[in-house]
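Right, one structure below, let's go through it.
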Amino acid sequence: MNVLKLKAVSVANPNENVKRETVDLGNGSDVVYIQRLIPSDKSWEWFHYLDKHIPWTRPTIRVFGKPFLQPRDTCYVATPGLTELTYSGYQPHAYSWDDYPPLTDILDAVHKALPGSSFNSLLLNRYNGGNDYVGWHSDDEKLYGPTPEIASLSFGCERDFTLKKKPRKKSCGGGDEPASKRLKKDSHADQHTFRLRHGSLLVMRGYTQRDWIHSVPKRAKVEATRINLTFRRVLSKKTYLDGCEFICHSKDLLPPPLRPIRPTPPQTSLPLKLKLAYSQFFMQANLTNHILGCFLFSTVSERFYLIKRKDYGGVFWLYICSIHIRILYSRGFLVTPNIKNIMSFRVRDQPKEVGSPSPKGEVGEIDTRAPFQSVKAAVSLFGEVAVSKEKRSIKRRSSENVLEKETQLLLTQREVNKIKKQLDTFENTKAKALTELDKANVTLLELTKKLNSVRESKQSAMEAAEAVKNQAKELEQALSQKAIGYEAWKQELEHARKEYTTTVKELDASKQELNKIRQDFDSALEAKLAAFQTAGEAQRSAKLNAEKVNELSKELATMKEQIEQLKLAALLAQEEQAKVMGERETQLNFYETARVEVQTKLMALKNEYDPELTQSLEAKLAETDAEIHELQEQMRQARASEMDTVKLITLEIKEATKTLQEVAEEENSLRNLVSSLRTEIEQVKKEQDEMKEKEQAVEALAANLTDQLQNRTEETSSVEEKEPDNSEDINLKIKQLLFETENARKEEEEMKLKAQELKQEAEKSKTVAEELEKKLELFLKQAEEAKAAEQKAVEEMKMLSDAQGAVSVADANGKIVLTVDEFAALSGKIKESEDLIDKTEAASMAQVEAINTRKNEVDRKVEANLKAIEEIKAATDMALRNAEMADSAKVAVEGELKRWRLDEQKGGSDLDYSDNSSRSISLRI
Ligand SMILES: O=C(O)CCC(=O)C(=O)O
Ligand SMILES: [Fe+2]
């Protein structure tokens with residue numbers, strides 16, 4: 001593998017030329033953004049290395065309990081021994097820093113940029129284009145403590161990073177601050193966006209994870225890849241002590257209220273005072289905190305306790321003395337202390353000598369990093385708080401070593417236990433397997449025994465057979481002594497006997513076959529009966545359908561009539577309107593004449609009277625003129641709009657009539673289809689009748705065959721007795737049999753053909769049904785359209801009725817062409833016809849559906865019938881073959897028997913067979 005060699009980096013000095021921007025988010029949260037931390041070339045070099053070498057995975061995480069493919073690639077790197085990271089139900093595998101050496105260079109660069117930082121884990125993200133993203137979240141996992149510093153380094157494609165304030169109810173910790181301060185902080189913006197550039201570093205600090213959420217949203221147009229590294233510090237690690245697993249948190253995890261150590265206690269009895277200081281603090285500030293457990297240990301003089309406490313999103317340990325533990329215990333905050341578990345207590349920054357200058361602000365703090373391996377060790381260290389730092393550190397180191405060893409030992413012990421368990425399971429499986437083997441052996445023995453007994457019985461049977469053979473030989477010898485010339489005959493007799501046995505067997509088989517055929521016939525008959533019943537039902541339903549179709553046609557006729565009436569009403573309305581218009585025009589003409597007359601009169605008056613009166617009269621005339629004009633205009637407009645509406649309605653009614661006609665046509669075609677379906681059903685019934693006849697013929701033939709076979713047997717014996725040389729007759733009969741067999745074959749062929757035809761018919765009826773369905777769909781669509789058109793017409797009519805109402809009010813003469821009521825009645829009629837169409841449509845649909853169902857049923861029955869016929873045909877074939885075979889065998893036997901009887905008769909004078917029954921042949925059919 002071509003591993004990229006990367007030199008140790010010297011990145012920009014954070015304190016000198018790197019520009020950093022700090023955004024105060026308020027309430028102890030802030031974000032630092034360094035736009036150009038890593039030079040572009042170096043950033044690309046790292047980008048390509050990470051893109052190629054990091055083992056990226058895209059895990060399935062859980063969001064609100066549902067599995068969800070993480071919308072970006074990821075990888076996790078961490079220092080060994082830390083508590084594992086788990087987020088959204090997913091625990092990533094922790095790779096080591098050494099697996100990917102450039103990561104340590106990048107880490108160094110980040111550490112340099114952020115003095116005092118000490119990251120021990122890294123979550124890498126790769127966004128393969130704008131569709132990859134990270135949704136709103138906060139990195140507030142417990143293992144990072146309450147105020148984690150998270151540094152996010154970006155390479156490659158620029159993406160937006162958005163921060164949003166969490167809903168107010170979740171915010172906590174600001175309770176100690178004065179209201180004025182809080183108010184001020186509230187003025188901070190609730191959302192911030194940073195464009196994360198190639199080589200930039202964004203650091204979230206303080207309570208950002210507690211109070212804010214962040215995301216990298218999707219970006220539709222982005223295609224390029226972005227790689228992001230988020231550095232974090234895990235505060236806890238696992239330790240084993242006295243067989244117990246402890247999650248130890250470093251001092252960083254102590255929440256701020258506990259961090260400032262209490263003022264220096266008096267120098268005398270320092271450890272105890274220190275303990276008291278902590279316990280007092282604990283009592284004051286944290287009584288309500290959730291206490292997970294209490295652990296007791298003793299020093300020479302006193303018993304002390306450590307409290308396992310949960311606070312600020314973390315679990316850690318507190319030291320407490322016995323007095324306070326009793327108080328806590330009495331108040332129900334503690335459960336029974338467990339004496340076996342102990343934790344360490346370390347004192348930091350102790351004054352070296354008594355009487356030295358006043359101690360510094362901080363005198364001690366809890367450190368659970370190095371628990372004691374035994375009570376003794378704890379006591380010894382606890383008693384030596386005043387010893388030199390060096391000595392203490394040596395002791396601590398040795399105690400840490402011992403702890404490390406113990407942890408390793410415990411892990412090894414666990415491993416050993418696991419292996420032991422595995423061994424146990426293996427032993428169990430082995431024991432089970434052995435038992436099974438024993439059982440198998442027993443069975444084998446039993447089987448062997450059985451085999452042996454079978455062998456023995458076989459042997460004895462063989463011996464018996466041998467004895468019988470010997471006897472037969474003896475008998476033969478005796479016979480040969482008596483009739484030496486019959487040697488050949490004996491052999492033939494033997495042969496005939498054998499043949500006879502085979503024939504009997506074959507005849508048995510034939511009989512069975514025939515029985516089977518009979519059974520098949522019976523079941524076919526049943527199926528046929530069922531098919532007939534279905535056909536009858538189909539017929540009945542077809543009749544019903546026809547009746548319904550007739551009803552539908554009647555309804556359709558009524559509808560047509562109604563529409564005709566509607567049309568008539570519309571025509572009448574039109575005529576009425578035309579009449580009104582005529583009257584109005586006459587009125588207008590009358591006005592016009594009156595006006596002209598007045599004008600003439602006025603002119604005459606003007607000439608006769610003074611000009612002032614004339615002027616006023618003229619003005620009045622002009623006014624009247626204008627009014628008349630206005631009236632004329634209004635009437636013209638009203639007439640035009642009325643005409644338009646009437647035209648529109650007429651058009652709509654025409655369309656509705658057309659659609660109804662189409663519906664009627666569809667009904668007709670449906671009716672035709674129903675009748676053709678009925679004809680098809682009749683045809684199928686006829687075919688079935690024919691099939692039945694054929695089947696009966698085949699049945700009769702099979703029965704005939706059986707009878708003939710029986711007769712032949714009887715005839716053979718009687719002919720043998722009466723006419724030994726009637727071979728010609730036998731031949732004739734055999735020929736006849738063969739002829740009949742041939743006939744049966746032909747019949748069968750015909751049946752096959754018929755079945756084929758029936759199948760084709762079934763196919764055809766299927767196609768017809770499909771076409772019917774298609775037509776129905778089309779019909780439904782058209783009905784829908786007709787309905788919509790009708791609806792529209794109704795609306796138009798309503799509008800017109802409203803308009804007419806208005807006209808009637810405006811018209812002083814009260815001459816209304818169509819009153820509101822008339823229009824309402826008209827609308828009602830239209831609604832009625834609409835409902836009727838709906839009902840008709842639904843009924844026809846149901847009819848067609850029912851027809852389809854019936855047809856499908858008939859199809860199914862026909863198919864079942866065809867199948868039964870096929871099976872019968874196959875069985876008949878087989879039976880015929882068997883009959884043929886039996887026939888030829890019979891011929892052979894007959895020949896042999898004839899010869900045998902002849903010989904017997906010839907030798908009758910020499911041999912006296914008193915027991916004739918031993919020679920008689922009975923054919924069992
Ligand atoms: O890709 C980024 O910039 C943010 C990633 C992030 O928020 C995370 O991994 O938790
Ligand atoms: Fe994050």
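Predicted model, so just to flag it, every value in this text is computed and none were measured. In listed order, ligands and their atoms are each counted from 1.
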| said: Contact between ligand 1 and Arg226 is defined here as a heavy atom of the residue under 4.0 Å from a ligand atom; is it met? | reply: yes

| said: Pairs of nitrogen or oxygen atoms closer than 3.5 Å, one from Asp139 and one from ligand 1: do any exist? | reply: yes

| query | Is a salt bridge present between Asp190 and Lys164, judged by a nitrogen-to-oxygen distance below 4.0 Å? | reply | no

| request: Taking only heavy atoms of His214 into account, list the atoms of ligand 1 that are under 4.0 Å away from them. | output: 7 (O)

| Going by an N to O cut-off under 4.0 Å, is there a salt bridge joining Asp160 and Arg195? | yes

| Criterion side-chain contact (heavy atoms from CB on, under 4.5 Å) against Val31, the qualifying member of Leu163, Val203, Thr22 | Leu163

| task | Flag the pair Asp132 and Arg58 as a salt bridge only when some basic side-chain nitrogen lies within less than 4.0 angstrom of an acidic carboxylate oxygen. | result | yes

| task | Kindly state whether the ring of Trp44 and the ring of Phe47 have centres lying under 6.0 angstrom apart. | result | yes

| query | Numbering the atoms of ligand 1 from 1, which are under 4.0 Å from a heavy atom of Val216? | reply | 1 (O), 2 (C), 3 (O), 4 (C)

| To the nearest 0.1 Å, how far is atom 1 (O) of ligand 1 from its closest protein heavy atom, and which atom is that? | Tyr127 OH, 2.5 Å

| request: Run through Asn228, Thr230, Asn125, Asp139 and flag the one making a side-chain hydrogen bond (donor to acceptor under 3.5 Å, both in side chains) with Ser152. | output: Asn228

| query | Using a distance-only test with no angle check, is there a side-chain donor-acceptor pair under 3.5 angstrom linking Arg233 and Ser121? | reply | no

| said: Check this for me: does any side-chain nitrogen of one of Arg210 and Asp140 sit under 4.0 Å from a carboxylate oxygen of the other? | reply: no

| request: State, yes or no, whether a side-chain contact exists between Tyr133 and Val216 at a heavy-atom distance under 4.5 Å. | output: no

| task | Measure the distances from the heavy atoms of Arg232 to every atom of ligand 1 and state whether one is below 4.0 angstrom. | result | yes

| Distance filter under 4.0 Å to Asn228 heavy atoms, resulting ligand 1 atoms | 1 (O), 2 (C), 3 (O), 4 (C), 5 (C)

| said: With heavy-atom distances below 4.0 Å as the criterion, list the atoms of ligand 1 near Ser152. | reply: 3 (O)

| query | Can you tell which part of His137 has a heavy atom less than 4.0 Å from ligand 1: side chain, backbone, both or neither? | reply | side chain

| message | Looking only at protein heavy atoms, which one is nearest to atom 9 (O) of ligand 1, and what is the separation? | response | Asn125 ND2, 2.8 Å

| request: Could you grab the angle centred on the Fe ion (ligand 2), going from OD2 in Asp139 to NE2 in His214, to 10°? | output: 90°

| query | Which is it for Met204 and ligand 1 at heavy atoms under 4.0 Å: side chain, backbone, both or neither? | reply | neither

| message | At under 4.0 Å between heavy atoms, is it the side chain or the backbone of Ile150 that contacts ligand 1, or both, or neither? | response | neither

| With atoms numbered from 1 as shown, which atoms in ligand 1 lie under 4.0 angstrom from a non-hydrogen atom of Leu196? | 3 (O)

